[in-house]
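Let me begin by presenting the structure, written as structure tokens, before commenting on it.
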Amino acid sequence: MDRLIRERFELGESLKNKSYNLNTVLTAQEDLIAHLFAGYFNKNFDAYDRAIDSVYNLTRVGGSGLHHLVDGQHTIFGALRAVKDVSEDDSFFKELSEATEHLFRDSMSVSGINPFISFTPDEFNKLAEIAKKFGISKTMLKDALTFNGPELVGGLLGISSLMFFSKTKDEERLSELSAAYLISSISALNPILFPFAAYKLINVVKDSDQKIQTLKSAGKGAIISGTSIAVSSLIGGPMWISCIASIGATVAVRYAIEKPDKAYEKIKTSGDLLKKYILKAKDINLEGDLKYEY
């Protein structure tokens, strides 16, 4: 029984630590990763793609950063409407598959998409005027209404780990990660992760029999996440070096809070690992010239 308990504890701790690392990388280096995803996945191939992009290609409405929200073609219904006349022989399922495939590739663009909501330019501008009164810029509003590749991946991974800890009834880890994900989703304006993380945090605190300890765990998660993201966001250089450095920063911050007596050792280990890969970087080019759409 003791062995089983220890193994479950170690599994939970390992999953929590990996969740922190991935969350920090996907949040702090979102722009770099979004450009990488766009270069590999966000490409157009055929008449279906041209049909969905026809309004933007003709009018340039919304510009490269906003047209997915305002051209009327980049929701599920808008894309279906755009591809229905490409071929008279297409079945509904063919049209649906072509529309959803295009939208998935556009979700890997830097600007991202919202497959459920679309606005006219005037509607979006009016909404932006209202948001401006609360200190929310047009760019922040657009980001909050759409998701891109890193936000999709980070959202799904975050939801999966929170569901895992919900099933294990591990209130401390669940509250810690919920708070961490809540901070990162606010930082990244991630519309996928934010509502789920907020819901889980509220629920675990409400249902806990040890509310003080649960709130302390939530506070720890918020501090680790916020500090790690802030530090990692300052790291420049090639994407893969930035990602490694982000993980190193997360480990250092986490140990400084959880195990201060071991913090120096972990920081030194992370620094040595980063130095090793930086020295190798002279002979490696992982980025190349990537072409992508916003």
Side-chain angles (χ1 to χ4, degrees), residues 23-35 37-38 42 55-56 59-76 78 103 106-159 162 177-202 218-219 221-235 246 292-294:
N23 181 53
T24 300
V25 169
L26 289 168
T27 304
Q29 307 302 333
E30 178 189 345
D31 188 59
L32 286 172
I33 297 172
H35 281 78
F37 281 6
N42 186 222
V55 170
Y56 173 68
T59 66
R60 296 293 165 178
V61 62
S64 62
L66 196 57
H67 76 274
H68 288 166
L69 263 182
V70 300
D71 69 4
Q73 306 275 84
H74 286 83
T75 61
I76 293 173
L103 292 179
D106 274 354
S107 73
M108 296 295 134
S109 65
V110 177
S111 60
I113 66 166
N114 187 322
F116 308 109
I117 300 174
S118 182
F119 303 91
T120 66
D122 285 342
E123 288 171 341
F124 183 80
N125 287 333
K126 288 178 182 177
L127 187 61
E129 285 298 317
I130 296 172
K132 187 177 180 180
K133 296 177 182 178
F134 298 93
I136 301 172
S137 68
K138 185 179 287 189
T139 301
M140 290 174 65
L141 177 63
K142 188 274 299 180
D143 198 5
L145 290 171
T146 56
F147 63 85
N148 59 17
E151 290 173 337
L152 177 62
V153 174
L156 294 177
L157 288 173
I159 289 171
L162 291 179
L177 275 184
S178 294
Y181 285 140
L182 185 61
I183 294 299
S184 68
S185 64
I186 292 171
S187 173
L189 296 174
N190 187 336
I192 297 174
L193 185 56
F194 174 78
F196 196 84
Y199 170 77
K200 283 296 182 184
L201 181 58
I202 292 169
I223 292 170
I224 292 175
S225 180
T227 307
S228 299
I229 291 168
V231 171
S232 301
S233 298
L234 301 176
I235 299 169
S246 294
Y292 53 87
E293 286 188 23
Y294 275 81

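- Considering only heavy atoms from C-beta on, N125 comes within 4.5 Å of K138 through its side chain.
- The shortest side-chain heavy-atom distance between S225 and Y181 does not fall under the 4.5 Å cut-off.
- Just one of L66, V61, T120, T59 meets the side chain to side chain contact (heavy atoms under 4.5 Å, CB included) condition when paired with D71; it is V61.
- Across V70 and G62, no two heavy atoms sit closer than the pair CG2-CA, 3.7 Å.
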Start with the C-alpha distance between I159 and I192, add both sets of side-chain angles, then the distance that settles side-chain contact (heavy atoms from CB on, under 4.5 Å), and finish with yes or no. CA-CA 9 Å; I159 289 171; I192 297 174; 4.1 Å; yes
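- Legend: side chain to side chain donor-acceptor pair (under 3.5 Å) pairs involving residues 143-154, not counting sequence neighbours, sorted by first then second residue: E30-N148.
- For the atom pair NE2 (H67) and OG (S109), the distance works out to 7.5 Å, reported to the nearest 0.5 Å.
- Closest of all the heavy-atom pairs between A179 and A218 is CB-O, 3.0 Å.
- Minimum interatomic distance between P191 and F147 (heavy atoms only, all atoms of both residues): CG-CB, 4.1 Å.
- Of all the heavy atoms in N190 and G155, the pair that sits closest is ND2-N, 3.9 Å.
- The neighbour count for Y56 OH, taken as heavy atoms of other residues, nucleotides or ligands under 6.0 Å away, is above 12.
- Residues passing the side-chain contact (heavy atoms from CB on, under 4.5 Å) test with L127 are F119, L141, L145, sequence neighbours excluded.
- Nearest approach of L193 to S184, heavy atoms of both residues: CD2-OG, 4.0 Å.
- Taking OG from S178 and CZ from F196, the interatomic distance works out to 8.5 Å, rounded to the nearest 0.5 Å.
- Taking CE from M108 and CG from D106, the interatomic distance works out to 10.5 Å, rounded to the nearest 0.5 Å.
- Side-chain contact between T75 and F116 is absent, with no heavy atoms from C-beta onward closer than 4.5 Å.
- The nearest pair of heavy atoms linking G112 to H68 is O-ND1, 2.9 Å.
- Rounding to the nearest 0.5 Å places CD1 of I113 at 4.5 Å from CG of L103.
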